[in-house]
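Structure, as structure tokens:
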Amino acid sequence: KYSKLVRQGIPGDGHHRLEHDDTDEGDFELSTISEGGPEMFQENEGVDMIQKAQASLEDGERAKRRIQLWRLENLAVPLCYFTVGLVQGIAYPLINVYPLDLGATEAQQTTIWFLKGFPSCLKILFGFLSDSVPLFGYRRKPYMFLGWMIATASMLVLLSTSDLSLERVASGENNTGSEAVVPPVGAPSVLFLSSIFFIWALGIWWADVIADSLVAEKCKYETDADRGNLQVCCYALRGCGLAVTMPISSFTYSTHDGPWYIITAAATIPLFHLPFLYHLQETRVVIPEFSAREQLQQLWKTACSRVVWQPMMFVFTYGVFYVSNAAWREFLKSGLGFTANQLNALLFFGGALSVSGVAVYKFILIRWSWRTLFIIGIIFNGVFSLLQILLIRGQTFGLDPFLFALGDEGVMDFLLGTHLIPLAVMMVHLVPPGIEGASYALFTTTLNAAVGVASGLSTMLLGIWDVSKETLTAGGVTGLTKLTFLTTAIQVAPLLWVRLVPHSVSDLDRLKTGGVASSSTLGGAVYLGCVLMSIIFALFIAIMNVVSPGWMGGS
């Protein structure tokens, strides 16, 4: 019988075989196959075969250790995702309601959300730096440390320069009995708050992109049966971090010094990751595998490949057309009188269902066609988006408006969660060796830049109909209804070109040999041009919304 080693890919030369005595691990007998029975190899042949077998075993063990995330030398990777989740979970409820209490306009509210995510559009720069410019001989560890330090420093600046207390009084603006918040004299301005959270997010996403690069490297050692497990584990940990701190942050915000406690926690949490980062195993690099110029050439070659630009152009347009209703949060607060805790409960519930969507994909939908999942998800998202019109008109079938909104937004977040892992698996499969950080960052930047464009477009649509805070407070919802119809129609438009999405990894591979041009300079130029122009456009819209509120309509 052939040994386990032979079955693992050491078949010899057809005349020889390895036999393994299972009673004494590591004891190999090398024999020839003949009618007369096994005969011992000569010593030099046996030594050579043993060395090859041992080398193969060592390579296999090293590969296995690389994807065992809970070993001390790898623990910094999953804990980075968990820490990102913790920090985002503690800060997002604040970002969700604090600008409202500071008097931010609808466009400014959307823009602050965009700015905390905009550094994700710069992930390509972070990945390029870490791939081509090692610090102290390492490509990953110093950059992750730098990211955490930027995030912590920005929160310390906010703590030291602003009065983050809140005073609550009964509100007489509507009939809901909600509270109004009176910011203190030393409260941060919307412009300063936006700038601080941009710098904070820059540090968070910098650490995150390094973790993505490490996962992209490790995913190469996954078998076909295990493909996607690392990403599911890491994204689930990020979701768990969000689930842990979001409720705590929501409750804390309602206290007098709530924002101060939240910002202090956001400054402190990243420091607990540093001991694990110290133990992260990484090979020292004297000279990078590719120079900066060679890396750019590799990225260009990758972008021009049809197997890259075709699916990534769908990812880009899918994100661009996911245009939200920028007046929705203001309607919930001013029109329906939702409290800060209720608004944050919507945020938390949506995040929890998004993680549930990831789990459902992993355990139930993993064998489904990617294209089918996108078709179903886009259609159902459009249906539940239209249900918001019932809430606007007060037709909630006897349910409390908060519960109706909770279920409606939760289902949409769940559907988005089922799309997350297929996108991640697709992106990892497209990563070429040697430029893992830059290439994977390029693919994730594609979606992030598209979402930035969608955010900018959503604020530009505010000027079509009257959806200002004053109108919503007075009960005028005609413009909001029309805007909801328009944004829903835009969101379902990608159904027209969903055929660009491959069905699976094997279908993705067939694009390389499908009898069509496998490389296109035009395709690569259009793809990269769209990503670059999207980043510039989204940044311009964001700056204008913060610096000149109401320049495109709204309050």
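Please read all numbers here as calculations on a predicted model, not as lab measurements. Position 1 is the first residue of the sequence; numbering continues from there.
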Practice problem: Show the numbers, then the answer: is there a salt bridge (Lys or Arg N to Asp or Glu O under 4.0 Å) between Arg139 and Glu217? | Solution: CA-CA 12 Å; Arg139 297 192 304 162; Glu217 292 172 359; 3.2 Å; yes
Practice problem: Could you pull out all residues at least two apart from Phe197 that satisfy ring-ring contact (aromatic ring centres under 6.0 Å, His included)? | Solution: Trp200
Quiz item: Taking the side chain from Ser132 and the backbone from Phe128, do they hold a donor-acceptor pair closer than 3.5 Å?
Solution: yes
Quiz item: Which distance, rounded to the nearest 0.5 Å, do you find between the CG of Asn341 and the CZ of Phe251?
Solution: 8.5 Å
Quiz item: Checking side chain to side chain donor-acceptor pair (under 3.5 Å) for the pair His419/Tyr361: CA distance, chi angles, key distance, verdict?
Solution: CA-CA 8 Å; His419 294 169; Tyr361 172 81; over 6 Å; no
Quiz prompt | By side-chain hydrogen bond (donor to acceptor under 3.5 Å, both in side chains) - contacts of Tyr235 (at least two apart) | solution = Tyr440
Quiz prompt | Qualifying residues under side chain to side chain contact (heavy atoms under 4.5 Å, CB included), relative to Phe537, sequence neighbours excluded | solution = Val453, Leu457, Met460, Ile541
Self-check item: Side-chain heavy-atom pair Thr418, Trp368 within 4.5 angstrom cut-off
Solution: no
Self-check item: Within 45° cone and under 6.0 Å: Lys116 NZ/CZ vs Tyr92 ring
Solution: yes
Quiz prompt | Rounded distance [0.5 Å steps], CD1 in Ile150 versus CE in Met155 | solution = 12.5 Å
Quiz item: Does the side chain of Pro188 come within less than 4.5 Å of Ile196's, by heavy atoms?
Solution: no
Quiz item: Can you name the one residue among Leu373, Leu365, Ile366 that meets side-chain contact (heavy atoms from CB on, under 4.5 Å) with Pro422?
Solution: Leu373
For residues 73-80, dump all side-chain donor-acceptor pairs below 3.5 Å to protein atoms at least two apart in sequence or in another chain.
residue: Glu73; atom: OE2; partner: Arg71; partner atom: NE; Å: 2.8
residue: Asn74; atom: OD1; partner: Lys218; partner atom: NZ; Å: 3.1
residue: Asn74; atom: ND2; partner: Arg65; partner atom: O; Å: 2.7
residue: Asn74; atom: ND2; partner: Gln68; partner atom: O; Å: 2.9

Quiz item: Can you list every side-chain hydrogen bond (donor to acceptor under 3.5 Å, both in side chains) pair that touches residues 146-161, not counting sequence neighbours?
Solution: Trp148-His273
Quiz prompt | Gln342: side-chain hydrogen bond (donor to acceptor under 3.5 Å, both in side chains) partners, not counting sequence neighbours | solution = none
Self-check item: Contact list for residues 250-261, test salt bridge (charged side-chain N to carboxylate O under 4.0 Å, His left out), sequence neighbours left out
Solution: none
Quiz prompt | Tyr143 versus Val133, closest heavy-atom pair with distance | solution = OH-O, 2.6 Å
Quiz item: To the nearest 0.5 Å, how far apart are CD1 in Ile210 and OG in Ser130?
Solution: 4.0 Å
Quiz item: CZ of Phe272: more than 12 outside heavy atoms within 6.0 angstrom?
Solution: no
Quiz item: Taking only residues at least two apart or on different chains, which pairs with a member in residues 237-253 satisfy side-chain hydrogen bond (donor to acceptor under 3.5 Å, both in side chains)?
Solution: Asp101-Tyr253, Asp208-Arg238
Exercise. Establish, for the pair Lys141 and Tyr138, whether the NZ or CZ atom is under 6.0 angstrom from the six-membered ring centre and no further than 45 degrees off its axis.
Key: yes
Quiz item: Can you name the residues that form a side-chain hydrogen bond (donor to acceptor under 3.5 Å, both in side chains) with His503, not counting sequence neighbours?
Solution: Ser369, Arg371
Quiz item: Where do Val308 and Ala303 come nearest, in terms of heavy atoms and distance?
Solution: CG1-CA, 4.2 Å
Exercise. Carefully, step by step, assess Asp131 and Arg140 under the rule salt bridge (Lys or Arg N to Asp or Glu O under 4.0 Å).
Key: CA-CA 8 Å; Asp131 279 347; Arg140 311 299 184 202; 2.9 Å; yes
Quiz item: Between Thr264 (side chain) and Trp260 (backbone), is there a donor-acceptor pair under 3.5 Å?
Solution: yes
Quiz prompt | Nearest non-hydrogen partners of Leu159 and Leu164, listed with the distance | solution = CD2-CD1, 3.9 Å
Quiz item: Under 6.0 Å from the CD atom of Gln281, do we count more than 12 heavy atoms belonging to anything else shown?
Solution: no
Quiz item: By salt bridge (Lys or Arg N to Asp or Glu O under 4.0 Å), which residues pair with Asp163, not counting sequence neighbours?
Solution: none
Quiz item: Do you know which two heavy atoms are closest between Ala187 and Tyr98, and how far apart they sit?
Solution: CB-OH, 4.5 Å
Exercise. State, to 0.1 Å, how close Pro93 and Gln88 come at their nearest heavy-atom pair, and which atoms those are.
Key: CD-O, 4.3 Å
Self-check item: Pairing residues for Asp413 by the salt bridge (Lys or Arg N to Asp or Glu O under 4.0 Å) criterion, not counting sequence neighbours
Solution: none
Self-check item: Note, Val87 side chain near Pro270 side chain (heavy atom, < 4.5 Å)
Solution: yes
Practice problem: Measure from the side-chain N and O atoms of Asn381 to the backbone N and O of Gly377, and report whether any donor-acceptor pair falls under 3.5 Å. | Solution: no
Quiz item: Got a second to check how far Cys233's SG is from Leu69's CG, nearest 0.5 Å?
Solution: 5.5 Å
Exercise. Mind checking side-chain hydrogen bond (donor to acceptor under 3.5 Å, both in side chains) for Thr446 and listing every partner two or more places apart, or none if nothing turns up?
Key: Tyr527
